[in-house]
Amino acid sequence: MTPILPAKPYRGRLAPSPTGYLHAGHGRTFWIAGQRAAEAGGALIMRMDDLDRDRVRPEYEVAALEDLRWLGLSWTEGSDIGGDLGPYRQSERLAVYREAFERLRTGGWVYPCVCSRKDIASSLAAPHAGDEEPIYPGTCRRIWERSEPLSLEGRRHVWRFKIPASTRVDFVDLAQGPQSFQAEVDFGDFVVWRHDGLPAYQLACVVDDALMQITEVVRGADLLASTARQILLYQALHWQVPAFYHCPLMTDASGVRLAKRNDALSLRTLRSRGVSPQKLIAEWAQANDSH
Ligand code: GLU
């Protein structure tokens, strides 16, 4: 008989990017994350995704913490209160990302790519639309696989994850149900290390969720295709894949997805207009029950 292993204690996380004020959509996702951690009697970790040097501002970090506390959220470890598995700010974790990247490199999972966005756009057969990065056509992968790889001396380059041919990623999302993503159709060789010497979101996120021992990742449904890529990274790094719960995205009255650029529905603005957190939460709870 297979022994029944004790379930790992639940560890969830809140991972705001301090690149703008949080809007009601973020608020709802974080509130759901808080609910799920509370229902499981687990821990909740506050992690700051602050690697976007051009857009991150310290006041947004302060505002995010304040807005989430205003909503009634609290966390057990995090960028402002510390904890055993910190630091909890991505900008302070470069050494652990580097280490994971070196493991990928020695494992033959990554290759350098000197293509510019323009090169990639002009070599694509079909125009690229939407938020997703275009599927990389593999130009540098083919060069790298030849016996004499190109010299990187003085050349601006990124490192891409080499997806084995015909890879398919299937997983069951706890909110959205079964998901299936096909490499070369839904995504291509993606960037794990940026040209500015920092890890790309996909790698930093996997390293943090794994090392902070997150058992369930709650985030917006816009990241479902990222999850497929991240699962490949977990596998390459021999780390256990957490459970995923992708919350439906929130739209405004005209059906347009909320974005940080649209300040009208920022939690700050709602608060300054006298909206109470109880009222917001009551609306979210209702919307959550009805799907
Ligand atoms: N920091 C990301 C955001 O605010 C979320 C990343 C994640 O949850 O994995 O959109």
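Every heavy atom of this structure was used, including side-chain atoms; hydrogens, water molecules and symmetry mates were not. Just so you know, these numbers come straight off a predicted model, no measurement behind them. Counting starts at 1 for both ligands and their atoms, in listed order.
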**Student:** As an exercise, identify every atom of ligand 1 less than 4.0 angstrom from a heavy atom of R219.
**Tutor:**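 Those atoms are 7 (C), 8 (O), 9 (O).
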
**Student:** Would you check whether R13 reaches within less than 4.0 Å of ligand 1, judged by its heavy atoms?
**Tutor:**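 Flag set, R13 near ligand 1.
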
**Student:** Going by the atom numbers of ligand 1, which of them fall below 4.0 Å from some non-hydrogen atom of C205?
**Tutor:**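 Those qualifying, in numeric order: 9 (O).
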
**Student:** May I ask you to check if ligand 1 and A15 share an N or O to N or O distance below 3.5 Å?
**Tutor:**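 Looking only at distances, the answer is yes, because the N/O contact criterion of under 3.5 Å is met.
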
**Student:** Taking NZ, NE, NH1 and NH2 as the nitrogens, is one of them in R89 or E61 under 4.0 Å from a carboxylate oxygen of the other?
**Tutor:**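 Result for this pair is yes, salt bridge flagged.
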
**Student:** With a sphere of 6.0 Å drawn around CD of E59, does it hold more than 12 non-hydrogen atoms of other residues, nucleotides or ligands?
**Tutor:**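 Correct, the count exceeds 12.
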
**Student:** State the atoms of ligand 1, each with its element, that fall below the 4.0 Å cut-off from a heavy-atom position in Y201.
**Tutor:**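 Matching atoms, with element in brackets: 6 (C), 7 (C), 9 (O).
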
**Student:** Do R271 and E66 sit within salt-bridge range, that is, some charged N less than 4.0 Å from a carboxylate O?
**Tutor:**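 Yes, charged N to carboxylate O under 4.0 Å.
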
**Student:** Within a reach of under 6.0 Å around CG of D84, are more than 12 heavy atoms found that belong to other residues, nucleotides or ligands?
**Tutor:**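 Incorrect, the count does not exceed 12.
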
**Student:** Could I get the full list of side-chain contact (heavy atoms from CB on, under 4.5 Å) partners for T139, not counting sequence neighbours?
**Tutor:**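 Once residues adjacent in sequence are excluded, the partners of T139 under the side-chain contact (heavy atoms from CB on, under 4.5 Å) criterion are C115, Y136, P137, R142.
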
**Student:** Select one of side chain, backbone, both or neither to describe which atoms of S17 lie under 4.0 Å from any atom of ligand 1, heavy atoms only.
**Tutor:**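 Answer for S17: both.
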
